[in-house]
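Working notes for the structure below.
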Amino acid sequence: MSLGSAITAEIAGQAGYDWLLIDMEHGCGDYSDLMHQMQALGASSSGTIVRVPKAEASIFKRVLDMGPAGLMVPNVTSPELARQIVDMARVHPMGNRGVAQTTRASGYGAVYEQYISSVNDGLLIVAQIESRQAMDQIEDIAAVDGIDVLFVGPLDLSIDLGVSHDSPEYLAAIHKVAVVAKSHGKIAGVLVRNDQQATAYRDLGYSFIAMGSDRGQVISGMKQNASFFNRMRSGASHAA
């Protein structure tokens, strides 16, 4: 979800996805838009994951006070950063995130005690693996308690490795992420472009899979319609 639109979020929530990623890193929306999207998804059965722009305590608190099911953090490069993320995202005793009583996450205070007692178990923390540096320390990142998902960013990872998606080095890297995640009791995740990629990653052991985006689907749908009209116009002129 990168358009920052509550209407698009509501439509996606009705589509039947297990979870939706609201993108605050590359997306178009601001924090007000995020709140509206969260509200639009309030009646949905889809879990809401928010990708934050960076690992920063003030950002984490603001987003988590809105009550998402999880956080995705870009470019996690080391176990030290992974531990900082856990510390900033989870409340005592697992971390040191500050909390307030009357936020949306706690039903504006109505279920505060229940929220505080369960949020560490219920919150999903997704660490994006997007660099050679992360791959070099993948075992240690995966070993950090409180990190739940190792999520490959295919474009950034392939660029940082300096290889294509079908190169042996890239294929070895994505296989390693799946193996390491499983060995540490974590989940392997990835962003894919189509169902063929989704199937291929599933077969490698990836089970937390995102496919496409609202922005991408609008682009492709509009291009498809425009292409049809151009072909129709061309056919009419030939007939004339």
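One is the number of the first residue; the rest follow in order along the sequence.
Taken together through direct or relayed side-chain contacts under 4.5 Å among Ile, Leu, Val, Met, Phe, Trp and Tyr, Leu3 and Met35 form parts of separate hydrophobic clusters. A continuous path of Ile, Leu, Val, Met, Phe, Trp and Tyr side chains, each step under 4.5 Å between heavy atoms, connects Leu71 with Leu150, placing both in one hydrophobic cluster. Linking ILVMFWY residues whenever their side-chain heavy atoms come closer than 4.5 Å, directly or via other members, places Val86 and Ile138 in the same cluster. Under the 4.5 Å side-chain heavy-atom criterion for grouping Ile, Leu, Val, Met, Phe, Trp and Tyr, Leu124 is not connected to Val144 through any hydrophobic cluster. If you chain together hydrophobic residues whose side chains sit under 4.5 Å apart, Val192 and Leu171 fall into the same group.
With a 4.5 Å cut-off on side-chain heavy atoms, Leu20 and Thr48 do not count as touching. Within the 4.5 Å cutoff, side-chain heavy atoms of Val177 are placed close to those of Met135. Put simply, the side chain of Met88 does not reach to within 4.5 Å of the side chain of Arg83, judged on heavy atoms. With a 4.5 Å cut-off on side-chain heavy atoms, Asn230 and Arg233 count as touching. In this structure, the side chains of Cys28 and Arg215 come closer than 4.5 Å at one or more pairs of heavy atoms. Lys186 has its side chain out of reach of Val180: every pair of non-hydrogen atoms, C-beta onward, lies at least 4.5 Å apart. Here the side chains of Trp19 and Leu21 are in contact, with some heavy-atom distance below 4.5 Å. Between Ile22 and Leu41 there is a side-chain heavy-atom pair separated by less than 4.5 Å.
From Met38, atom CE reaches atom OG of Ser44 across 11.0 Å, with rounding to the nearest 0.5 Å. For the atom pair CZ of Phe151 and CD1 of Ile209, the computed distance is 9.0 Å after rounding to the nearest 0.5 Å. To the nearest 0.5 Å, the span separating CZ on Phe60 from CD1 on Ile125 amounts to 7.5 Å. Going from atom CG of Leu34 over to atom CE of Met1 covers 11.5 Å, rounded to the nearest 0.5 Å. Interatomic distance, CG of Asp30 versus CE of Met24, reported as 6.5 Å (0.5 Å rounding). Of the inter-residue distances, the one linking Ile187 atom CD1 with Ile147 atom CD1 reads 12.0 Å to the nearest 0.5 angstrom.
Counted within 6.0 Å of CG on Asp145, heavy atoms from surrounding residues, nucleotides or ligands total 12 or fewer; the atom is thus considered open. Summarising the local packing, CD of Gln224 is surrounded by 12 or fewer heavy atoms from other residues, nucleotides or ligands at distances under 6.0 Å. Taking a 6.0 Å sphere around NE2 of His92, one finds it holds 12 or fewer heavy atoms contributed by other residues, nucleotides or ligands. Within a 6.0 Å radius of OH in Tyr112, other residues, nucleotides and ligands contribute more than 12 heavy atoms. Counting heavy-atom neighbours within 6.0 Å of Ile7 CD1, excluding the residue itself, gives a total of 12 or less.
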ask   = Please walk me through it: do Ser164 and Asp166 pass side-chain hydrogen bond (donor to acceptor under 3.5 Å, both in side chains)?
value = CA-CA 5 Å; Ser164 65; Asp166 58 357; 2.5 Å; yes
request  = Could you give me the CA-CA distance, side-chain angles and deciding distance for Asp214 and Ser5, then say whether side-chain hydrogen bond (donor to acceptor under 3.5 Å, both in side chains) is met?
outcome  = CA-CA 9 Å; Asp214 54 356; Ser5 166; over 6 Å; no
task = Evaluate the side-chain contact (heavy atoms from CB on, under 4.5 Å) criterion for residues Tyr31 and Val63: first the C-alpha distance (whole Å), next the side-chain angles of each, then the deciding distance (0.1 Å), finally the verdict.
result = CA-CA 8 Å; Tyr31 289 103; Val63 170; 3.9 Å; yes
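For the pair Asp23 and Arg51, the salt-bridge criterion is met [side-chain N within less than 4.0 Å of a carboxylate O]. The residues Lys176 and Asp136 are annotated as not salt-bridged, no charged nitrogen and carboxylate oxygen being separated by less than 4.0 angstrom. Look at Glu56 and Arg62 and you find no salt bridge, because none of the NZ, NE, NH1 or NH2 atoms lies under 4.0 Å from a carboxylate O. The pair Asp65-Arg97 meets the salt-bridge criterion, since a charged nitrogen lies less than 4.0 angstrom from a carboxylate oxygen.
Between Val149 and Gly189 the shortest heavy-atom distance is CG1-N, 4.0 Å. The two residues Pro53 and Ile59 come nearest to each other via the heavy atoms CG-CD1, 4.0 Å. Nearest approach of Ser106 to Gln101, heavy atoms of both residues: OG-O, 2.7 Å. The minimum heavy-atom distance linking Val76 with Leu81 is given by the pair CA-CD2, 3.9 Å. Across all their heavy atoms, Ser183 and Glu139 have their closest contact at OG-OE1, 4.5 Å. Of all heavy-atom pairs between Ala188 and Gly205, the closest is CB-O, 4.2 Å.
Using modelled atom types, one side-chain atom of Ser118 and one backbone atom of Gln114 make a donor-acceptor pair closer than 3.5 Å. Side-chain atoms of Ser167 never come within 3.5 Å of backbone atoms of Val163 as a donor-acceptor pair (strictly under, hydrogens ignored). Panel note: side chain Glu10, backbone Ala6; no donor-acceptor pair is recorded below 3.5 Å. In this structure, Gln137 contributes its side chain and Pro79 its backbone to no donor-acceptor pair below 3.5 Å. Arg90 places no side-chain N or O within 3.5 Å of a backbone atom of Asn96 that could act as its donor or acceptor partner. Judged purely by atom type and a 3.5 angstrom limit, Ser213 has no side-chain atom pairing as donor or acceptor with the backbone of Ser2. For the pair Asp160 (side chain) and Arg132 (backbone), a donor-acceptor distance under 3.5 Å is present. Here the side chain of Lys54 pairs no donor or acceptor atom with the backbone of Asn75 at under 3.5 angstrom.
Under the 30°/60° scheme for interplanar angles, the aromatic rings of Tyr201 and Tyr206 are found to stand perpendicular. Using cut-offs of 30° and 60° for the angle between ring planes, the Tyr170 and His165 rings count as parallel.
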